[in-house]
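Only heavy atoms go into these numbers, but all of them, side chains included; no hydrogens, no water, no symmetry mates.
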Amino acid sequence: MPTCSTDSDMEMRQLLLRVFAERLDDDLYPKFVEELNPDEIEDADELFNGYVAWLANLFGDFGIKTIISEEAERIYLEFLNCPWPEDAKKKPIFCLNCQAMINRSFNWTGLRGSIERRSSITDGSESCVFKFNKIE
């Protein structure tokens, strides 16, 4: 029985994300370790805050203007612009790449927690907002 195109599209998307995540480990992880030195930071809050600042700088290198804010012990990273707005509206892989970069790099910290994408420019919001939930 042939698979429908949505199954094929989902499989392709998963494959692309896995390959992208592996490339992040190979190409971006060394930069993460060099710039943040996570093994040298013993305080979890200091590591968490340093990580979010590192992440904002990383996306700034792509031309994304960011704001970091804190509210009720949650940290929010907001992207004020998207360097690929038209492409991202046509192909969600662009948004998934940003999400994958954030999720994968958060795993490198060794901290417990989760990240939620709260809004997306390509969905019509004024900004992309990611909420970081750190678990003590």
What are the two closest non-hydrogen atoms of Q99 and R117, and how far apart are they? OE1-CB, 3.3 Å
If I take atom CZ from residue F48 and atom CZ from residue F132, how far apart are they, to the nearest 0.5 angstrom? 6.5 Å
Is there a path of hydrophobic side-chain contacts, each under 4.5 Å between heavy atoms of I/L/V/M/F/W/Y residues, joining L80 to I102? no
Are Y76 and I67 grouped together when hydrophobic residues (ILVMFWY) are joined by side-chain heavy atoms under 4.5 angstrom apart? no
Looking at A88 and T122, what are the two nearest heavy atoms and their distance? CB-CG2, 3.2 Å
Rounded at 0.5 Å granularity, tell me how far CG in D27 sits from CD in E22. 11.5 Å
Check whether F94 and L15 end up in the same hydrophobic cluster, where Ile, Leu, Val, Met, Phe, Trp and Tyr are linked by side-chain heavy atoms less than 4.5 Å apart. yes
Please report the closest heavy-atom contact between L47 and I41, naming both atoms and the distance. N-CG2, 3.6 Å
Run the side-chain contact (heavy atoms from CB on, under 4.5 Å) test on E71 and R74 for me, step by step, so that the C-alpha distance in whole Å, both residues' side-chain angles and the decisive distance to 0.1 Å come before the verdict. CA-CA 5 Å; E71 180 181 303; R74 300 284 189 256; 5.6 Å; no
When you measure from the side chain of N81 to the backbone of G63, do you find a donor-acceptor pair of N or O atoms at a distance under 3.5 Å? yes
What is the minimum heavy-atom distance between A21 and R104, and which atoms define it? CB-NH1, 3.5 Å
What is the ring orientation for F59 with F79, classed by angle as parallel under 30°, tilted 30 to 60°, or perpendicular over 60°? tilted
Any idea which heavy atoms bring I115 and F130 closest together, and the distance? CG2-CB, 4.2 Å
Nearest heavy-atom approach of N37 to E34 is OD1-O, 3.6 Å
Determine whether T109 and F32 satisfy the following criterion, side-chain contact (heavy atoms from CB on, under 4.5 Å), listing intermediate values before the conclusion. CA-CA 9 Å; T109 67; F32 168 83; 4.0 Å; yes
Do M101 and L58 pass the side-chain contact (heavy atoms from CB on, under 4.5 Å) test, and can you show the C-alpha distance, the side-chain angles, and the key distance before you say yes or no? CA-CA 10 Å; M101 290 174 71; L58 173 70; 3.8 Å; yes
Would you say V129 and L55 are hydrophobically clustered, going by side-chain heavy atoms of ILVMFWY under 4.5 Å? no
pair W54-S105: side-chain heavy atoms closer than 4.5 Å: yes
Test side-chain contact (heavy atoms from CB on, under 4.5 Å) applied to W108 and V33, L36, L28, the passing residue: L28
Roughly how far apart are K65 NZ and S127 OG, rounded to 0.5 Å? 13.5 Å
Report the relative orientation of the aromatic rings in W84 and F62; use parallel for angles under 30°, tilted for 30 to 60°, perpendicular for over 60°. tilted
From N57 CG over to T66 OG1, what is the distance, rounded to the nearest 0.5 angstrom? 7.0 Å
Supply the atom-to-atom distance I121 CD1 to C95 SG, rounded to the nearest 0.5 angstrom. 8.5 Å
Flag the pair I75 / N49 as yes when at least one side-chain heavy-atom distance between them is below 4.5 Å, and no otherwise. yes
